[in-house]
Amino acid sequence: MQRRTKWLIALAGLAAVTMATATAMWVDAAVQEFIRDNGTTPRSTGCERAMTAIGWSMPAHADEGACVEDPSGIFPSQWSGTFRMPRPEVREWLGTHPPKRFPDQRPDEGPVDDKNGIHINLSYLKSPNFGQGDLDAVVVKAEWEGEDTAVVTFETYPG
């Protein structure tokens with residue numbers, strides 16, 4: 001009977017060590033995953049969602065494009081993307097998204113327009129859809145791709 005008790009005690013000890021080791025390995029894996037991706041990894045998103053998040057709208061005749069949300073955890077998400085739209089509609093579309101400024105800011109310098117396209121830096125935007133905070137800037141470039149098409153890229157910077 002004593003021999004059987006010793007084996008049971010040894011078996012129970014082995015089971016406890018095994019359980020402790022498995023638990024430690026699981027906790028380590030969970031911590032490593034949290035460190036690796038705690039909700040701040042950039043992820044693909046629809047450009048319609050990205051535009052809505054910054055208080056803008058997609059051009060009516062734009063393709064789906066490719067956009068990215070880059071959450072920081074501290075600041076509002078940063079957004080970036082590229083899409084194509086009809087070249088004749090670029091200036092009108094940009095005109096529907098004027099910067100929403102604080103009272104003490106300098107006037108906008110306006111778009112830079114050259115033979116390759118249009119570049120505009122809209123500073124100090126306040127988006128009603130953000131909820132987390134405000135954007136410092138949205139940089140938009142529309143580069144001409146032939147006579148009929150423009151490739152639009154944009155990037156936001158948090159405030």
Side-chain angles (χ1 to χ4, degrees), residues 20-159:
T21 303
T23 301
M25 290 174 61
W26 180 83
V27 168
D28 181 59
V31 167
Q32 293 300 319
E33 181 63 25
F34 179 78
I35 291 170
R36 193 172 26 258
D37 180 11
N38 61 355
T40 60
T41 300
R43 55 186 168 258
S44 295
T45 188
C47 288
E48 183 73 40
R49 180 172 180 263
M51 288 282 117
T52 300
I54 65 172
W56 287 32
S57 60
M58 279 292 284
H61 301 104
D63 67 9
E64 291 181 17
C67 292
V68 173
E69 177 184 9
D70 188 1
S72 73
I74 299 171
F75 295 106
S77 290
Q78 296 180 65
W79 303 85
S80 60
T82 302
F83 57 86
R84 286 177 169 71
M85 67 178 290
R87 179 176 171 172
E89 297 175 13
V90 170
R91 188 171 289 284
E92 180 182 344
W93 175 72
L94 285 173
T96 63
H97 302 96
K100 299 171 181 93
R101 301 192 171 280
F102 296 114
D104 60 344
Q105 291 172 315
R106 70 188 193 298
D108 189 49
E109 296 173 8
V112 175
D113 195 348
D114 63 27
K115 65 179 181 169
N116 298 318
I118 298 174
H119 175 268
I120 188 166
N121 183 357
L122 303 175
S123 301
Y124 305 104
L125 296 175
K126 292 182 70 89
S127 172
N129 299 327
F130 241 94
Q132 295 180 19
D134 301 325
L135 294 173
D136 260 355
V138 177
V139 176
V140 182
K141 295 178 187 176
E143 295 182 342
W144 307 142
E145 185 178 73
E147 292 295 317
D148 299 326
T149 306
V151 177
V152 177
T153 58
F154 70 94
E155 189 166 3
T156 66
Y157 299 93

Item checked: Asp148 vs Arg87 side-chain heavy atoms within contact, under 4.5 Å -> no
Item checked: Side chain to side chain, Val140 and Val152, heavy atoms closer than 4.5 Å -> yes
Checklist line | Exercise: identify the closest heavy-atom pair between Phe83 and Gly65 | finding: CB-CA, 3.8 Å
Check: What distance separates Ile118 CD1 from Trp144 CH2, expressed to the nearest 0.5 Å?
Finding: 4.0 Å
Margin query: Once salt bridge (Lys or Arg N to Asp or Glu O under 4.0 Å) is applied, do any residues pair with Arg84, and if so which ones, sequence neighbours excluded?
Written below: Glu145
Notebook entry, point to check: What pair of heavy atoms forms the shortest contact from Val90 to Ala150, and how long is it?
Noted result: CG2-CB, 3.5 Å
Notebook entry, point to check: Hey, is CD on Glu143 packed in by over 12 heavy atoms from elsewhere, all under 6.0 Å?
Noted result: no
Item checked: Spacing of Thr82 atom OG1 and Lys141 atom NZ [to the nearest 0.5 Å] -> 10.5 Å
Margin query: Measuring centre to centre across the rings, with the benzene-like ring taken for any Trp, is Trp56 within less than 6.0 Å of Trp79?
Written below: no
Next item on the list: Decide side-chain contact (heavy atoms from CB on, under 4.5 Å) for Trp93 and Met58; before the verdict, give the C-alpha distance in whole Å, the side-chain angles of both, and the deciding distance to 0.1 Å.
Entry: CA-CA 9 Å; Trp93 175 72; Met58 279 292 284; 5.9 Å; no
Next item on the list: Look up atom CD in Glu48 and atom OG in Ser57, then write down how far apart they are to the nearest 0.5 Å.
Entry: 7.5 Å
Check: Between Pro71 and Arg43, is any pair of side-chain heavy atoms under 4.5 Å apart?
Finding: yes
Note to self: Does either side chain, that of Glu69 or that of Thr45, offer a donor lying less than 3.5 Å from an acceptor on the other one?
What the structure shows: no
